[in-house]
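The block underneath contains the structure these notes are about, expressed in structure tokens.
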Protein chains: 2
Amino acid sequence: MAQSARQIADELRERIHSGELAPGARLPGEPALVRDHGVAKETARRALTLLVTEGLAVRRRGSGTYVRDFRPIRRVANRRPAQDGWAAGRSIWQADLEDRPLSVTDLTVEEAPAPPRVAQALGLAEGEAVLVRDRRFVVEDQPVQLATSYLPAELVRDSAIARPDTGPGGTYARLAELGLSPDRFVEELRARMPAPDEAERLQLAEGTPVVEVWRTAFTEDGRAVELNRMLLDAGVYVMEYHLSS
Amino acid sequence: MAQSARQIADELRERIHSGELAPGARLPGEPALVRDHGVAKETARRALTLLVTEGLAVRRRGSGTYVRDFRPIRRVANRRPAQDGWAAGRSIWQADLEDRPLSVTDLTVEEAPAPPRVAQALGLAEGEAVLVRDRRFVVEDQPVQLATSYLPAELVRDSAIARPDTGPGGTYARLAELGLSPDRFVEELRARMPAPDEAERLQLAEGTPVVEVWRTAFTEDGRAVELNRMLLDAGVYVMEYHLSS
DNA sequence: TAGTGGTCTAGACCACGTG
DNA sequence: ACGTGGTCTAGACCACTAT
């Protein structure tokens with residue numbers, strides 16, 4: 001019965017995909033694998049680690065290792081009201097946190113010199129002052145997103161944007177009042193594994209990537225007025241974009 | 001000098017982020033870590049594994065473990081010609097494979113019954129025939145993307161879409177000739193760790209997530225004419241979306 | 001051939017959560 | 001209290017890569 005970590009993982013993966021081990025089900029623990037497959041504990045452990053790093057399983061200390069679930073929040077970057085019909089009911093992933101409001105925690109607002117990347121995106125000189133709004137979004141006690149907004153400090157220093165509570169309509173409504181209404185956006189996305197501090201702030205399970213989004217808002221005449229860096233828990237989000245030619 | 005795997009990883013991570021260990025640089029090997037930190041080989045190994053699963057390092061058997069590089073290909077989902085100016089030179093990530101053509105390998109074309117998810121997205125009955133075009137994209141001998149297109153077989157069976165070479169303009173030009181010109185698109189994205197077979201087909205380094213994209217093409221009157229499932233190497237791609245309000 | 005990473009063992013002890 | 005996962009050791013042997 002002696003097998004390698006890979007073989008044991010293959011067998012468990014097959015049982016997961018076949019549905020025998022459904023999402024949320026408990027996998028055989030390390031002692032069970034040692035007994036049934038005649039391997040050392042470290043080998044059993046490595047087998048489970050493979051599944052965990054694939055994002056297929058989650059470990060719960062003191063309890064066991066479980067098949068992971070995926071019930072995403074849907075993030076719709078641009079929903080065009082006039083075109084709302086065309087994709088209704090056709091989504092690929094089933095979302096069960098549809099349009100649920102995110103609560104904000106750990107909000108901080110401060111002025112700081114613009115880091116190089118931020119300066120370039122906003123068309124500022126490096127080190128020029130930017131207003132930095134940092135916050136964390138939580139759904140049902142689970143952190144799901146970190147967001148940091150950068151705005152040219154000179155433009156917004158005297159507005160409600162520089163205060164924790166930006167008022168009704170939020171940052172974009174205040175920008176509009178300043179004659180800087182955002183009209184077009186560019187989003188750049190990348191997926192990667194999180195750094196340890198990011199994993200901690202988002203309370204990420206192992207094997208969960210993050211999606212790093214940099215969103216730049218432009219006024220109608222092409223001025224960059226906001227840069228928003230978001231870090232999403234990829235185990236929670238599906239992103240949706242509506243494009244027309 | 002005895003330390004834990006985490007501490008050793010922390011130290012190496014710090015040296016990477018400080019720039020002392022630049023992208024492409026060789027990290028201290030397992031024997032060196034054993035010697036310098038007074039730990040067992042397995043512990044040194046675990047330290048390096050942490051960095052690898054974070055996507056910060058890549059192992060090369062027989063050679064060493066190296067700091068990873070990120071020089072992305074930029075995938076621009078919708079470039080609006082009239083609005084091209086507004087984001088020029090302002091990108092967050094520096095791309096060095098800008099607009100480089102992807103070569104296609106492993107192209108297969110066949111008819112098959114629609115899987116449930118495909119049937120729903122295309123508005124077909126489950127099991128109804130779809131044309132399946134499967135292919136792999138390669139840049140400089142590196143596979144970077146897997147793509148599978150599904151089209152209602154009844155619509156395209158007699159067109160060039162059913163042949164390996166779809167002719168000038170590709171699938172969308174042929175659809176236009178059939179009066180089914182794609183006009184609007186929905187893209188749904190999710191990032192996750194790859195299954196082993198996906199990792200192999202894309203020759204993914206460990207610690208590299210994939211981005212799964214499902215793109216549905218609609219005609220002007222709202223008919224879904226194509227569903228394209230793409231699997232991207234997240235270590236290679238940056239995705240860019242242009243949105244207007 | 002020497003050095004690197006890749007895998008496994010058999011044991012130890014710890015930390016945490018559940019029952 | 002017990003069973004779970006978490007970490008570490010000291011050794012063995014294998015497989016691949018560079019030179």
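Quick caveat: nothing in here was measured; it's all calculated off a predicted structure. Proteins come first, then strands; the chains are lettered A, B, ... in the order of their sequence lines, and each starts at number 1.
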Item to check | Interatomic distance where NE2 belongs to B:His37 and P belongs to D:dT7 [whole Å] | outcome: 18 Å
Checklist entry - Using a cut-off of less than 4.0 Å, is there contact between a side-chain N or O of B:Ser4 and OP1 or OP2 of D:dC8? => result yes
Next on the checklist: Between P on D:dG3 and CG on A:Leu33, what's the gap in Å once rounded to a whole number?
Outcome noted: 17 Å
Checklist entry - If you draw the axis of the six-membered ring of A:Phe70, does the NZ or CZ of B:Arg190 fall within 45° of it and under 6.0 Å from the ring centre? => result yes
Item to check | N-O pairing of A:Arg71 and A:Asp69 below 4.0 Å | outcome: yes
Checklist entry - Sequence neighbours excluded, which residues qualify as ring-ring contact (aromatic ring centres under 6.0 Å, His included) partners of B:Tyr241? => result A:Tyr241
Checklist entry - Tell me: CZ of A:Arg59 to P of C:dG17, nearest whole Å? => result 16 Å
Item to check | Interatomic distance, A:Arg45 CZ vs D:dT4 P [rounded to whole Å] | outcome: 13 Å
Checklist entry - Is the charged tip of A:Arg75 near the ring of A:Tyr237: under 6.0 Å from the six-membered ring centre and within 45° of its axis? => result no
Item to check | Whole angstrom value for the distance that separates P of C:dG3 from CZ of B:Arg35 | outcome: 12 Å
Next on the checklist: Protein within reach of the bases, or only the backbone? For nucleotides 10-19 of chain D, mark each nucleotide 5' to 3' as B, S or -, using heavy atoms under 4.0 Å.
Outcome noted: B----SBB--
Next on the checklist: A cation-pi test, strictly: NZ or CZ of A:Arg60 under 6.0 Å from the centre of the six-membered ring of A:Tyr66 and no more than 45 degrees from its axis. Yes or no?
Outcome noted: yes
Next on the checklist: Check A:Glu206 with A:Arg68, please: is the shortest side-chain N to carboxylate O separation under 4.0 Å?
Outcome noted: no
Checklist entry - So does A:Arg6 get a side-chain nitrogen or oxygen closer than 4.0 Å to the phosphate oxygens (OP1/OP2) of C:dT7? => result yes
Checklist entry - How long is the line joining CZ of B:Arg46 and C1' of C:dG6, in whole Å? => result 14 Å
